[in-house]
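Report on the following structure.
Quick caveat, the model's predicted, so the values are computed rather than measured. Here is how names work: the chains are called A, B, and so on, in the same order as the sequence lines, proteins then strands, and each is numbered from 1. Side-chain atoms are counted along with the backbone in the values below, which use heavy atoms only and exclude waters and symmetry mates.
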2 protein chains.
Amino acid sequence: MVESKEFLYPVKWLSKASAGDRVTSELRMRIISGMIESGAILSENKLAADFGVSRSPIREALKILASENIIRLERMGAVVIGLTEKEYAEIYDVRLLIETFVFERLVRMDTNELVMELSKILEMMKISIKYRDADEFSNQDVLFHETIIRSINHSYILMIWDNLKPVMESLILLSMRSRFKEKYEDFTRIINNHQLYIDAIRTKDRDLMIKSLHENFDDVQEKVEDLWMAQQMLSKGVEQEND
Amino acid sequence: MVESKEFLYPVKWLSKASAGDRVTSELRMRIISGMIESGAILSENKLAADFGVSRSPIREALKILASENIIRLERMGAVVIGLTEKEYAEIYDVRLLIETFVFERLVRMDTNELVMELSKILEMMKISIKYRDADEFSNQDVLFHETIIRSINHSYILMIWDNLKPVMESLILLSMRSRFKEKYEDFTRIINNHQLYIDAIRTKDRDLMIKSLHENFDDVQEKVEDLWMAQQMLSKGVEQEND
DNA sequence: TCAAGTACACTTGTATACAAGTATTATAAT
DNA sequence: ATTATAATACTTGTATACAAGTGTACTTGA
């Protein structure tokens with residue numbers, strides 16, 4: 001019924017995507033942003049009507065979101081789990097787990113090509129900041145970490161990332177949008193942290209890597225706080241749309 | 001066309017399962033056992049005809065298997081990846097990663113209840129051996145590790161396990177079936193290793209845990225070798241069924 | 001007022017149909 | 001024989017239909 005005036009997920013990223021992918025991405029954003037509240041029960045038919053599609057793409061979306069631990073599929077309806085403090089801490093754990101694993105592999109590899117690639121992405125991030133493009137910045141930020149993870153060519157570590165990535169992407173998107181408005185000066189520090197990360201990989205300096213990793217996670221922690229702000233703003237903004 | 005005389009996956013485990021789940025489990029077993037060879041291209045329509053179901057459950061199965069890194073979904077058809085030595089090593093990595101993480105949490109918890117639960121499962125495993133029930137033994141073996149992982153109540157570590165579990169289950173099933181025929185004496189050692197694991201958790205002895213974990217993994221390594229034997233036997237057995 | 005049963009609304013899982021796109025094969029022209 | 005074009009066979013993604021099951025609400029009986 002609600003014709004959703006605007007999508008939270010960047011529509012330009014969905015140009016070639018299927019209806020199923022579109023629903024998945026948008027639904028994920030709405031849940032993580034708090035626009036769809038934790039505990040809410042989603043009905044396939046209702047969602048299909050809301051998004052103006054059939055149940056097929058909706059079912060696909062729900063299956064994916066369930067595998068990401070964002071919703072829980074029950075006999076009757078999908079229950080929204082969302083992200084509480086507990087989940088944030090857990091995501092933090094898993095990122096720490098896989099990124100330290102990746103680094104251990106990296107120190108035994110030739111990282112010249114990777115460093116080059118990461119430097120390019122960092123340049124892109126700077127441009128995105130310059131032009132106040134929060135979505136593009138988020139895209140590059142996610143790409144930065146994915147590039148590192150991909151570089152060790154480990155399909156099962158990549159599998160973990162594949163499950164974590166969409167949630168991370170949503171979190172970063174929401175956080176960066178809010179920061180571009182409120183805490184623009186943060187970006188200098190974020191860029192520095194990423195440069196530190198690159199340096200750690202280049203010099204294969206474990207201590208430096210751990211340091212930048214933790215600073216990066218501190219950023220994530222702040223992102224989380226920002227998110228709560230974004231959630232407040234959003235819930236204020238869409239409250240009138242309830243049936 | 002092929003009416004598949006027998007399923008590789010234990011049919012009794014699928015009594016309440018949907019057609020989609022049945023196809024997923026059976027397809028996984030056929031791929032991991034090598035019955036469906038690496039590189040093969042699976043067609044939705046062909047699979048639907050083979051399994052005697054519509055495309056809906058087949059699509060569901062393919063999506064899941066793709067998320068498990070067993071197949072790769074391409075524009076035209078799903079390409080079977082299967083498990084090479086590389087994948088075995090990677091699975092080993094991830095198990096080591098999450099189980100050590102779990103243990104670090106366990107040493108800070110009250111593990112009395114867990115130890116009780118694991119002892120029960122171990123008793124069940126002994127019974128399964130006594131009655132030569134390879135499938136039930138495999139079930140309990142998987143349950144053993146899942147119980148440990150679940151005990152720390154970490155949804156994102158559990159998410160990793162959820163993705164890994166089906167592959168592990170298939171590997172263990174194939175391996176144990178073969179061992180019950182060929183290397184029955186192995187089970188004494190497997191039981192001992194599991195008892196060691198329980199002791200490590202009970203006494204919160206990191207060194208003992210690492211030791212038993214590695215021995216357990218050595219078992220996995222042997223399981224892998226057994227698997228190749230099983231694959232050989234299977235490929236001999238089903239060769240005549242090709243169209 | 002409350003208990004038991006019945007009807008209805010809604011759920012999931014599966015089958016089927018169809019549109020749009022892509023590879024392959026066949027045909028035709030040079 | 002080779003290349004260009006056209007026909008066809010197969011692919012994916014989506015919509016729709018339907019059966020079986022589950023919960024809810026309403027009625028009926030005491």
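- DNA chain D lies under 4.0 Å from at least one heavy atom of each of the following residues of residues 70-79 of chain B: B/Arg75, B/Met76, B/Gly77.
- Checked for salt-bridge contact, B/Glu74 and B/Arg72 meet the test: a charged N lies under 4.0 Å from a carboxylate O.
- Not a single side-chain hydrogen bond (donor to acceptor under 3.5 Å, both in side chains) links A/Ser119 to another residue, sequence neighbours left out.
- Between B/Asp50 and B/Arg30 no salt bridge is recorded (no basic side-chain N to carboxylate O distance below 4.0 Å).
- The list of salt bridge (Lys or Arg N to Asp or Glu O under 4.0 Å) pairs with a residue in residues 144-166 of chain A, not counting sequence neighbours, reads A/Glu146-A/Arg150, A/Glu146-A/Lys165.
- When the side-chain nitrogen and oxygen atoms of B/Arg59 are compared with OP1 and OP2 of D/dG13, one or more of them lie within a distance under 4.0 Å.
- Between the CD1 atom of A/Ile58 and the P atom of C/dT12 there is a distance of 12 Å, given to the nearest Å.
- Computed from coordinates, the B/Leu42 CG to D/dT11 C1' distance equals 14 Å when rounded to whole Å.
- With rounding to whole Å, A/Ile41 atom CD1 is found 13 Å from C/dC10 atom C1'.
- Nearest-nucleotide assignment on DNA chain C puts the 5′-proximal partner with A/Leu62, out of B/Gly52 and A/Leu62.
- One finds no side-chain N or O of A/Ser43 lying less than 4.0 angstrom from the OP1 or OP2 phosphate oxygen of C/dC10.
- Listed nucleotides: C/dT16, D/dT14, D/dC18. Nearest to the side chain of A/Ser54: D/dT14.
- Note on A/Glu90 versus A/Lys86: salt bridge recorded, some NZ/NE/NH1/NH2 to OD/OE distance being below 4.0 Å.
- Atom NZ in B/Lys63 sits about 16 Å away from atom C1' in C/dG13, given to the nearest Å.
- Heavy-atom neighbours of A/Met116 CE from other residues, nucleotides or ligands within 6.0 Å: at or below the threshold of 12.
- For the OP1/OP2 pair of C/dC10 and a distance below 4.0 Å, the side-chain nitrogens and oxygens of A/Asn45 include no atom meeting the criterion.
- Residues satisfying the side-chain hydrogen bond (donor to acceptor under 3.5 Å, both in side chains) test with A/Arg55, not counting sequence neighbours, are A/Glu44.
- Of the candidate nucleotides D/dT12, C/dA15, D/dA17, C/dA15 has the atom lying nearest to any side-chain atom of B/Ser56.
- One finds no salt bridge joining A/Glu60 and A/Lys63 here, because no Lys/Arg side-chain nitrogen approaches an Asp/Glu carboxylate oxygen to under 4.0 Å.
- Checking C/dT12, C/dT14, D/dT12 against every side-chain atom of A/Glu44, the shortest atom distance belongs to C/dT12.
- Scored by the ring-ring contact (aromatic ring centres under 6.0 Å, His included) test, A/Phe137 finds A/Phe187 as partners (sequence neighbours excluded).
- Of the residues in residues 18-27 of chain B, those lying under 4.0 Å from DNA chain C by heavy-atom distance are B/Ser18, B/Ala19, B/Gly20.
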